[in-house]
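What follows is a set of notes on a single structure, which appears directly below.
These numbers were taken from a predicted model, which means no experiment stands behind them.
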Amino acid sequence: MDDNQIKRIEDFLKAQGLDIGSVPKQRIKQLLKIDEAVQKRLTAISEAHQTLKDNSISIASIATASGITRKTFYNNDILKQYVESFTSVDGEPGKLVKASEIDSMKKRLNEQADDIAKMVARDVDIESVRHEADELRRVIDGKDKQIQSLTEMYESTLAELQKERRKNRAGHIIPFDGLEA
C-alpha cells in the first residue's frame with residue numbers, strides 16, 4: 001500500500017460522501033486490492049498504446065526495421081509507395097487499408113463537406129426568405145390597417161356628403177310666383 005493508492009481511495013470515498021475512517025477495514029483492504037488490479041490494467045493499456053506507437057507503419061520505422069536507408073525509400077517511388085500503401089485507420093491496428101481506399105475516403109469526405117456547405121447555404125437562403133416573408137407580412141398588416149382607416153374615412157365622408165345633400169335639398173326652396181294673384 002502506497003500513498004498514491006490511499007490518495008486515490010480517499011478521493012473516491014470523498015466523492016461518494018464518505019470518509020476513509022467510516023469505512024470498515026475489510027472494505028479498505030478490498031478497495032486496495034481492487035485499486036492494485038485496476039492500476040495493473042491501466043499500466044498494461046499504457047504499454048500497449050506505446051507498443052502501437054512504436055510499431056506504426058511509416059517510412060522511418062520500416063526503413064529502420066528493414067535495414068534500408070530512408071534515402072533509398074524516398075529516392076525509389078516503388079519502395080515508398082509500397083510502404084505508403086499500408087496505413088492504419090484512426091491509429092487502430094488491424095484496420096489497415098490501402099492508399100487507394102484512403103483516397104476514396106478523402107474524396108467521399110470532400111463530397112460530404114461540399115454537401116454540408118450547400119446545405120448551409122440553403123439554410124441561410126431559407127432563413128433569408130423567412131425573414132423577408134415576415135417583413136412583408138408586417139407591411140401587409142400595415143397596409144390592411146391603412147385600408148381599413150381609409151375605408152372608415154370614406155364612409156364617414158360619404159355620410160357627411162349625403163347629409164349635406166339632404167340639407168341642401170330641404171333648405172333650398174325655389175319660390176313659385178304663379179299662385180299668388
Cationic N near anionic O, under 4.0 Å, Glu36 to Lys33: no
Asp11 bridged to Arg8 by N-O distance under 4.0 Å: no
Heavy-atom donor-acceptor pair, [X] side chain to [Y] backbone, under 3.5 Å:
| X | Y | answer |
| --- | --- | --- |
| Asn75 | Lys71 | yes |
| Thr43 | Gln39 | yes |
| Thr157 | Met153 | yes |

How about [X]: does its [atom1] atom have over 12 heavy atoms from other parts shown lying under 6.0 Å from it?
| X | atom1 | answer |
| --- | --- | --- |
| Leu150 | CG | yes |
| Glu111 | CD | yes |
| Arg108 | CZ | no |

Are the side chains of [X] and [Y] in touch, meaning some heavy atoms are under 4.5 Å apart?
| X | Y | answer |
| --- | --- | --- |
| Leu136 | Asp141 | no |
| Gln148 | Glu152 | yes |
| Leu13 | Asp19 | no |
| Ile62 | Phe73 | yes |

Would [X] end up clustered with [Y] when hydrophobic side chains under 4.5 Å apart are linked, directly or stepwise?
| X | Y | value |
| --- | --- | --- |
| Val38 | Ile6 | no |
| Leu31 | Leu18 | yes |
| Val139 | Ile147 | no |

Gap between atom [atom2] of [Y] and atom [atom1] of [X] - 0.5 Å precision:
| X | Y | atom1 | atom2 | result |
| --- | --- | --- | --- | --- |
| Asp35 | Lys7 | CG | NZ | 13.0 Å |
| Thr151 | Gln146 | OG1 | CD | 10.5 Å |
| Asp123 | Arg130 | CG | CZ | 9.0 Å |
| Gln30 | Leu32 | CD | CG | 10.0 Å |
| Thr69 | Ile59 | OG1 | CD1 | 11.0 Å |
| Ser66 | Leu79 | OG | CG | 8.5 Å |

Which pair of non-hydrogen atoms, one from [X] and one from [Y], has the smallest distance, and what is that distance?
| X | Y | result |
| --- | --- | --- |
| Lys80 | Tyr74 | CD-CD2, 4.1 Å |
| Gln5 | Asp2 | N-OD1, 2.6 Å |
| Arg70 | Ala63 | CG-CB, 3.6 Å |

Distance-only side-chain donor-acceptor flag, Ser61 / Thr64, under 3.5 Å: no
